[in-house]
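In what follows, a structure is listed as structure tokens, so that the remarks can point back to it.
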Amino acid sequence: MNAFEQVISRKNTRSVKWGNMEAVYGVENAEEILPMWIADMDFPAPPPIIEAMRERLDHGIFGYSYICETCKDAVRSWLSSRHRWETQNDWMLFHHGVVPAIATVVETFSKKGDNILITTPVYPPFFNVPGHQERNIVECALLEDNGTYSIDFEAFEKCLQQDIKIFILCNPHNPAGIVWSEADLRQILRLCNQYDVLVLSDEIHADLVLPGATHIPLAKLAEEEGGKIVTCVAPTKTFNLAGVQAAIMITSDEELKTALQKNAMAHGQMELNAFAASALKSAYTECEAWLDELLETLSTNMDYVINELPKAVPGIAIQKPEATYLLWIDYRGTGLSEEDMMDKLLNNGKLALEPGTKYGEAGRGFLRMNIATPRSVVEDGVKRFITAMQA
């Protein structure tokens, strides 16, 4: 049995996904509920990463750490070989996660009352983080056609005319799993350049592009189109290291980088911890074969759900995403409200998925399902969904 087939209990490990459902879903006892919601995987991290952290642990001394040049070399080499994006070590600033990095960029390059643009439905921190910093959120809803999304560029430009300071791009897109085309990305750059808008490109899902699709880093196109770009990447989503906490902000613009460095100093932000640095270096130098096997596993898991669930539940439709390990399930054909659907899933099926409105009003009528788990668990989740709808 390989690592992608083995079911490993995550209970009593302080797992948000498995141990915090009572608080998240408002249920008294979640012991029988199967969690397929938050975006972390039920697979162990690659063995080389575990060994790298074990070696660091065995050393026994955990003083102040810094990011060495070999760590930066590892990031640079990975981006070059995996995404054909040529970067430089001095473009990189390290942070404790992509969400904290988003908060830093918003705080650094906008002020209270400024307008931040997002395209919905989208990852909740895109509106939560700026909102808590007292920025105004301007939503440009994506165009949707039978579960397939595109950017309404006419509406997008009208939004940019509202004195937008930052546009936060999800590239690839979460939750819909879109890998944006080169034409779309160039149009985003041209319009943001026209209205002098900084683009924060969250590319944490870049390495989770499924076979047949190709991720294009926005900053790679900006070398021709120009623009103010800060890109956020991380090994955490790809290699299931969210609890280790490591991310990289990348910008070739010296003024942007200096401003981000000043913000870090103002907050006393230190370097990555010793274990995060070891994990990051190992991920980007030793784990490519593991990732390729993971992507095949995710793709087949998705195919199973897409083939079985709509067939068994009338009114359900699912488009296979191009990236991520998250299915965006369209249940509008069932005629159920979001409240009724969640009630059925939690109480009848004992299954925890995420409601679409968590990603903005544009997500109403959809559910997000995490299939980054062994096939036996995926099959159990499908059975629970069917049971919920039959009860």
Side-chain angles (χ1 to χ4, degrees), residues 1-19 39-83 87-101 203-208 232-250 264 268-298 325 372-374:
M1 179 178 292
N2 67 35
F4 302 117
E5 297 173 343
Q6 183 180 6
V7 178
I8 301 173
S9 175
R10 297 182 62 191
K11 295 182 178 180
N12 303 314
T13 62
R14 303 185 188 88
S15 164
V16 171
K17 181 179 182 180
W18 284 86
D40 71 8
M41 298 188 278
D42 291 326
F43 305 130
I49 294 177
I50 296 172
E51 182 59 29
M53 290 196 288
R54 182 178 290 117
E55 288 181 6
R56 188 66 189 88
L57 175 65
D58 289 345
H59 183 268
I61 300 175
F62 312 112
Y64 295 117
S65 300
Y66 70 97
I67 298 297
C68 62
E69 286 302 308
T70 55
C71 288
K72 297 178 182 178
D73 289 342
V75 177
R76 177 172 50 78
S77 178
W78 180 269
L79 294 173
S80 174
S81 64
R82 200 80 185 179
H83 302 298
T87 59
Q88 297 179 17
N89 289 9
D90 62 3
W91 294 0
M92 303 177 193
L93 297 170
F94 290 77
H95 215 310
H96 303 126
V98 166
V99 173
E203 303 190 9
I204 194 172
H205 292 274
D207 295 320
L208 291 169
C232 294
V233 299
T236 49
K237 197 69 65 179
T238 307
F239 301 102
N240 208 25
L241 301 170
V244 176
Q245 300 181 335
I248 310 104
M249 298 183 292
I250 302 174
Q269 181 188 319
M270 307 294 285
E271 295 276 10
L272 299 186
N273 70 68
F275 296 100
S278 296
L280 178 145
K281 180 182 175 184
S282 176
Y284 288 140
T285 57
E286 303 179 281
C287 300
E288 189 163 23
W290 181 93
L291 174 57
D292 290 338
E293 187 176 356
L294 168 71
L295 294 175
E296 291 294 339
T297 300
L298 299 178
Y325 47 76
T373 191

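- The shortest non-hydrogen separation linking Ile49 to Ser282 is N-OG, 3.3 Å.
- The CG atom of Leu57 sits 13.0 Å away from atom CD1 of Ile50, with the distance rounded to the nearest 0.5 Å.
- When all heavy atoms of Glu271 and Ser65 are compared, the closest pair comes out as CB-O, 3.4 Å.
- More than 12 non-hydrogen atoms from other residues, nucleotides or ligands lie less than 6.0 angstrom from CZ of Phe62.
- With a 4.5 Å cut-off on side-chain heavy atoms, Tyr284 and Pro235 count as touching.
- With rounding to the nearest 0.5 Å, the separation of CZ in Phe275 from CZ in Arg56 is 6.5 Å.
- Looking at Phe43 and Thr297, their side chains come closer than 4.5 Å, going by heavy atoms from C-beta outward.
- The side-chain heavy atoms of Pro374 and Glu5, taken from C-beta on, include no pair separated by under 4.5 Å.
- Between Ala277 and Ile67, the shortest heavy-atom contact is CB-CD1, 4.0 Å.
- One finds the CD atom of Glu69 at 9.0 Å from the CE atom of Met92 (value rounded to the nearest 0.5 Å).
- Contact detail for Leu241 and Ala279: the closest heavy-atom pair is CD1-CB, 4.2 Å.
- Taking a 6.0 Å sphere around CG of Asn12, one finds it holds 12 or fewer heavy atoms contributed by other residues, nucleotides or ligands.
- Between Arg76 and Trp91 there is no side-chain heavy-atom pair separated by less than 4.5 Å.
- For the atom pair Lys281 NZ and Cys71 SG, the distance stands at 6.0 Å (nearest 0.5 Å).
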(message) Does Asn273 form a side-chain hydrogen bond (donor to acceptor under 3.5 Å, both in side chains) with His96? I'd like the steps, not just the answer.
(response) CA-CA 9 Å; Asn273 70 68; His96 303 126; over 6 Å; no
(message) Thr87 vs Val75, test: side chain to side chain contact (heavy atoms under 4.5 Å, CB included). Steps then yes/no.
(response) CA-CA 9 Å; Thr87 59; Val75 177; 5.8 Å; no
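- Within the 4.5 Å cutoff, the side chain of Pro44 has heavy atoms near those of the Ile8 side chain.
- Residues satisfying the side chain to side chain contact (heavy atoms under 4.5 Å, CB included) test with Ala39, not counting sequence neighbours, are Lys237, Tyr325, Leu326, Arg368.
- A distance-only check finds no donor-acceptor pair linking the side chain of Ser15 to the backbone of Lys11 [under 3.5 Å].
- Here the straight-line distance linking atom CG of Asp207 with atom CG of Leu291 works out to 6.0 Å at 0.5 Å rounding.
- Contact record, Leu280 with Leu272: CD1-CD1, 4.3 Å, taken as the closest heavy-atom pair.
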(request) Could you go through the side chain to side chain contact (heavy atoms under 4.5 Å, CB included) check for Gln245 and His95 one step at a time? (result) CA-CA 8 Å; Gln245 300 181 335; His95 215 310; over 6 Å; no
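- One distance of note links NZ of Lys72 with CG of Leu93; it measures 8.0 Å at 0.5 Å rounding.
- The salt bridge (charged side-chain N to carboxylate O under 4.0 Å, His left out) contacts involving residues 41-53 comprise Arg10-Asp42, Lys17-Asp42, Glu51-Arg54, where partners must be two or more places apart or lie in separate chains.
- Counted by atom type alone, Asn240 and Asp40 present zero donor-acceptor pairs between their side chains at under 3.5 Å.
- Between Trp78 and Phe239, the two ring planes are perpendicular [angle over 60°; tilted spans 30° to 60°].
- Closest of all the heavy-atom pairs between Thr238 and Ile204 is OG1-O, 4.2 Å.
- Ring pair Phe4/Trp290 is tilted by interplanar angle, where 30° to 60° counts as tilted.
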